[in-house]
There are 2 protein chains.
Amino acid sequence: MTTSAPRSTRQRAAIKAALDAAEGFKSAQDIHADLRSTGGSVGLTTVYRALQSLADSGEIDALRKDDGETVYRQCSTPVHHHHLVCRVCGRSVEVEGPEVERWADEVARQHGFTSISHQVEVFGTCPLHAAEQVPDEGTARGD
Amino acid sequence: MTTSAPRSTRQRAAIKAALDAAEGFKSAQDIHADLRSTGGSVGLTTVYRALQSLADSGEIDALRKDDGETVYRQCSTPVHHHHLVCRVCGRSVEVEGPEVERWADEVARQHGFTSISHQVEVFGTCPLHAAEQVPDEGTARGD
DNA sequence: ATGGGTGCAAATAATTTGCAGGTAA
DNA sequence: TTACCTGCAAATTATTTGCACCCAT
């Protein structure tokens, strides 16, 4: 097993391209719909599998939204960072948080925990959508 | 609407009790199974609804695991805090992180985001299970 | 040629919802 | 009594898997 790299196929390329063109985070379902509308047809299953493998190899970043959907994004920085995501448009900003990393490490160590990992996401409404807040559920249906 | 409080029923009490007795986080399914084994029978639907309303009113804390399951826990502190969760036994420790709150607020403000909220969880292996690490998926099946 | 990649359909799984009947207030 | 609560079953939704077929290597 010499770190076998996945075969390069039309689908895989299309998926990476779609993710690349995306402004913010996209779910597998989003990518799939995106691809269909663009003409190229890729199976949902394939999208899930490709996204998964890309996330595994670290090429893209995955995060689970509050509602349970897993979204992916092509990150510009390969270094560890977190995201500031707009609840309305989904657009995201990559942010660093050295103090957060330090804090997580600290509290974990304090309690004797090892193999630490953390999950940090900040959600909010970006300046472009300050007006159309997200009441709760249902109002934000702009497709 | 005078902040109508939910009616106190046998089921609701049982659910709160089960959650209270729990060491770490429990999913709706867990609570349901727990209740069934204890004799008291409560419908799965009811468990979901009760847990949801309890979380809404802030009486319990909810968090979504990496695998997508939502777990709940009776928190000892009503103030905002985060959790340090053991990947092996699920036991959790409540931790505070003023610097994290500050950081989240800061980066959000810097980018003009409003209505900020954040999701911060730290995972690791507690000292009692440092040996039985979680390889990846499947080894931890201690019921 | 061959084995990994693909995709359809069916299988899972967690959670939600419709609706009839029970019960706390 | 009455509105809210309960719970069963069916519906949803996101994601996974079986399996036959196709293509990059």
Side-chain angles (χ1 to χ4, degrees), chain A residues 1-19 25-36 38-57 59-60 62-72 90 136-138 140-141 143, chain B residues 1-19 25-36 38-57 59-60 62-72 90 136-138 141:
Chain A
M1 215 195 278
T2 358
T3 315
S4 52
R7 205 175 279 179
S8 47
T9 64
R10 175 188 110 258
Q11 293 76 346
R12 206 176 176 82
I15 293 169
K16 289 192 69 172
L19 208 51
F25 283 91
K26 291 272 190 173
S27 67
Q29 309 270 357
D30 286 339
I31 296 285
H32 181 239
D34 243 47
L35 256 31
R36 292 197 94 195
T38 312
S41 120
V42 176
L44 218 203
T45 310
T46 301
V47 176
Y48 272 107
R49 284 195 276 231
L51 248 22
Q52 230 160 52
S53 96
L54 283 170
D56 275 349
S57 65
E59 290 184 64
I60 62 175
L63 94 80
R64 202 176 286 271
K65 287 196 306 179
D66 264 16
D67 74 331
E69 227 188 345
T70 300
V71 288
Y72 303 83
D136 211 298
E137 196 89 63
R141 283 268 84 199
D143 204 54
Chain B
M1 216 195 278
T2 359
T3 315
S4 53
R7 203 175 280 178
S8 48
T9 64
R10 175 189 111 259
Q11 294 75 346
R12 206 176 175 82
I15 292 168
K16 289 192 70 172
L19 207 50
F25 284 92
K26 290 271 190 174
S27 67
Q29 309 269 357
D30 285 339
I31 296 286
H32 181 239
D34 242 47
L35 256 32
R36 293 198 93 194
T38 312
S41 117
V42 176
L44 218 203
T45 310
T46 302
V47 175
Y48 272 108
R49 283 194 277 230
L51 248 22
Q52 229 160 50
S53 97
L54 284 170
D56 275 348
S57 65
E59 290 184 66
I60 62 174
L63 95 77
R64 203 175 285 271
K65 288 195 305 178
D66 264 16
D67 74 331
E69 227 189 346
T70 299
V71 287
Y72 302 84
D136 211 298
E137 196 91 62
R141 282 268 85 197

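Small disclaimer: the values here were computed from a predicted structure and weren't measured. Letters A, B, ... are given to chains in the order of the sequence lines, protein chains preceding strands, and every chain is numbered from 1. No hydrogens, no waters, no symmetry mates; every other heavy atom, side chains included, goes into these values.
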(request) Kindly write out the residues that satisfy side chain to side chain donor-acceptor pair (under 3.5 Å) with B/Glu69, not counting sequence neighbours, or none if the list is empty. (result) B/Ser27, B/Lys65

(request) Scan residues 26-35 of chain B for pairs that pass salt bridge (Lys or Arg N to Asp or Glu O under 4.0 Å), counting only residues two or more places apart or in two chains. (result) B/Lys26-B/Asp34

(request) Mind checking side chain to side chain donor-acceptor pair (under 3.5 Å) for A/Gln29 and listing every partner two or more places apart, or none if nothing turns up? (result) A/Tyr48

(message) Rounding to 10°, can you tell me the angle the first-five-pair axis of the helix from C/dA1-D/dT25 to C/dA25-D/dT1 makes with its last-five-pair axis?
(response) 30°

(message) Whole angstroms only, please: what is the CG-P distance between A/Asp67 and C/dT15?
(response) 12 Å

(message) Nearest whole Å is fine: how far is D/dT17 C1' from A/Gln52 CD?
(response) 11 Å

(message) Can a donor-acceptor pair be found, under 3.5 Å and without considering hydrogens, that links the side chain of A/His32 to the backbone of A/Gly43?
(response) no

(message) Please give me the minimum heavy-atom distance between A/Ile60 and A/Ala55, naming the atom from each residue.
(response) CG1-N, 3.5 Å

(message) How close do A/Pro6 and A/Arg12 get, counting heavy atoms only, and between which atoms?
(response) CG-NH2, 3.1 Å

(request) Please examine the side chains of B/Ile31 and B/Leu35, heavy atoms only from C-beta on, and report whether any two atoms are closer than 4.5 Å. (result) yes

(message) With nearest nucleotide decided by heavy atoms, which residue, B/Ser8 or B/Val71, maps closer to the 5′ end of DNA chain C?
(response) B/Val71

(message) Test of understanding: with side chain to side chain donor-acceptor pair (under 3.5 Å), list the residues that count as partners of B/Ser41, not counting sequence neighbours.
(response) none

(request) Produce a footprint string for nucleotides 5-14 of chain C: one letter per nucleotide, 5' end first; B if the base is under 4.0 Å from any protein heavy atom, S if only the sugar-phosphate is, - if neither. (result) SBBBB----S

